[in-house]
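Order of the sequence lines sets the chain letters (A, B, ...), proteins ahead of strands, with each chain counted from 1.
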Amino acid sequence: MQNDKSKFKNKVYKVVRNISCGKVLTYKEVAKLAGKPRAYRAVGNILNKNKNKQIPCHRVIRSNGQVGGYNQGVQRKIALLKKEGVIVRNKIILKRE
DNA sequence: CGTATGACGTGCA
DNA sequence: GTGCACGCCATAC
């Protein structure tokens with residue numbers, strides 16, 4: 001049985017895992033897709049506590065274009081994004097349309 | 001159960 | 001464009 005909170009967390013994982021290669025979503029977008037557009041705070045928190053490699057949480061960035069953070073190190077996150085084709089400059093995501 | 005924290009976002013000076 | 005303060009939600013202690 002899962003409460004709304006647990007469902008939200010589960011949905012977040014599903015959404016993040018569903019992100020295509022080279023694609024990046026913002027915390028707000030993920031929260032919105034998870035059903036709680038106001039829980040972007042919790043999204044970051046959940047991913048931070050999460051250590052599941054199955055989830056490409058490195059594809060989740062901030063709305064202002066910054067890479068945000070990463071439990072394995074921001075540098076690691078940037079490296080992965082760049083490796084996937086995302087342009088990153090000085091911790092800023094320069095994603096093309 | 002209540003408090004504190006955090007990978008955030010928006011508003012205002 | 002930069003800096004500071006408040007709000008918002010889930011999780012941990």
Undergrad: Select from Asn64(A) and Asn45(A) the residue whose nearest nucleotide in DNA chain B is closer to the 5' end of that strand.
TA: Asn45(A)

Undergrad: Rounded to the nearest Å, what distance is computed from the OH atom of residue Tyr27(A) to the P atom of nucleotide dG7(C)?
TA: 23 Å

Undergrad: With the side chain of Cys57(A) defined as its heavy atoms from C-beta on, choose the nearest nucleotide among dT10(B), dC8(C), dA7(B).
TA: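 Nearest to the side chain of Cys57(A) among the choices is dA7(B).
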
Undergrad: Between Tyr40(A) and Phe8(A), which residue's closest nucleotide on DNA chain C lies nearer the 5′ terminus?
TA: Tyr40(A)

Undergrad: Taking Lys77(A) for its side chain and Val67(A) for its backbone only, find out whether a donor-acceptor pair lies under 3.5 Å.
TA: yes

Undergrad: Expressed as a whole number of angstroms, how long is the span from Ile46(A):CD1 to dC9(C):P?
TA: 13 Å

Undergrad: Starting at NE2 of His58(A) and ending at C1' of dA7(B), how long is that distance when rounded to a whole Å?
TA: 14 Å

Undergrad: May I have the distance from Lys36(A) (atom NZ) to dG9(B) (atom C1'), rounded to whole angstrom?
TA: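 Value for this atom pair: 18 Å.
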
Undergrad: Atom CG of Asn3(A) to atom C1' of dA10(C): distance rounded to whole Å?
TA: 12 Å

Undergrad: Phosphate oxygens OP1/OP2 of dT10(B): is one of them under 4.0 Å from a side-chain N or O of Lys28(A)?
TA: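 Yes, because at least one side-chain N or O of Lys28(A) sits under 4.0 Å from OP1 or OP2 of dT10(B).
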
Undergrad: Looking at Asn3(A) and Lys5(A), would you say the former's side chain and the latter's main chain have a donor-acceptor pair under 3.5 Å?
TA: no

Undergrad: Calculate the interatomic distance between Asn50(A) atom CG and dA7(B) atom P; express it in whole Å.
TA: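 Rounded to whole Å, this separation is 14 Å.
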
Undergrad: What's the verdict on side chain to side chain contact (heavy atoms under 4.5 Å, CB included) for Asn50(A) and Tyr13(A), showing C-alpha distance, side-chain angles and the deciding distance?
TA: CA-CA 9 Å; Asn50(A) 173 50; Tyr13(A) 290 123; 3.4 Å; yes

Undergrad: Looking at the side chain of Arg38(A), which of dA7(B), dC9(C), dT11(C) is the nearest nucleotide?
TA: dC9(C)

Undergrad: Round to the nearest Å and state the distance from Glu29(A) atom CD to dG9(B) atom P.
TA: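 Spelled out: CD on Glu29(A) to P on dG9(B) is 11 Å.
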
Undergrad: Count the heavy atoms of every other residue, nucleotide or ligand shown that sit under 6.0 Å from CD of Gln66(A), and state whether that count exceeds 12.
TA: yes

Undergrad: Is the phosphate of dG9(B) approached by Arg62(A) (side-chain N or O, under 4.0 Å from OP1 or OP2)?
TA: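 So the side-chain polar atoms of Arg62(A) do come within 4.0 Å of the phosphate oxygens OP1 or OP2 of dG9(B), strictly under.
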
Undergrad: Side chain to side chain contact (heavy atoms under 4.5 Å, CB included) between Leu25(A) and Leu33(A): does it pass, once the steps are laid out?
TA: CA-CA 10 Å; Leu25(A) 289 176; Leu33(A) 294 171; 4.1 Å; yes

Undergrad: Has the side chain of Tyr70(A) got a donor or acceptor atom sitting under 3.5 Å from an opposite partner on the base of dA7(B)?
TA: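 For Tyr70(A), whose side chain was compared with the base of dA7(B), there is no donor-acceptor pair (under 3.5 Å).
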
Undergrad: Could you tell me the separation between the NZ atom of Lys9(A) and the C1' atom of dA7(B), rounded to a whole number of Å?
TA: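 Between C1' of dA7(B) and NZ of Lys9(A): 16 Å.
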
Undergrad: Would you indicate what Lys77(A) reaches in the nucleic acid, counting non-hydrogen atoms under 4.0 angstrom: base, sugar-phosphate, or nothing?
TA: base

Undergrad: Which nucleotide in the list dA7(B), dA10(C), dT11(C) gets nearest to the side chain of Lys49(A)?
TA: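 That would be dT11(C).
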
Undergrad: Taking any heavy-atom pair under 4.0 Å as a contact, classify Ala39(A): base, sugar-phosphate, or nothing.
TA: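 Sugar-phosphate contact only.
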
Undergrad: Given dT11(C), dA7(B), dC9(C), which nucleotide is nearest the side-chain atoms of Asn48(A)?
TA: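 Within the option list, the nearest is dA7(B).
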
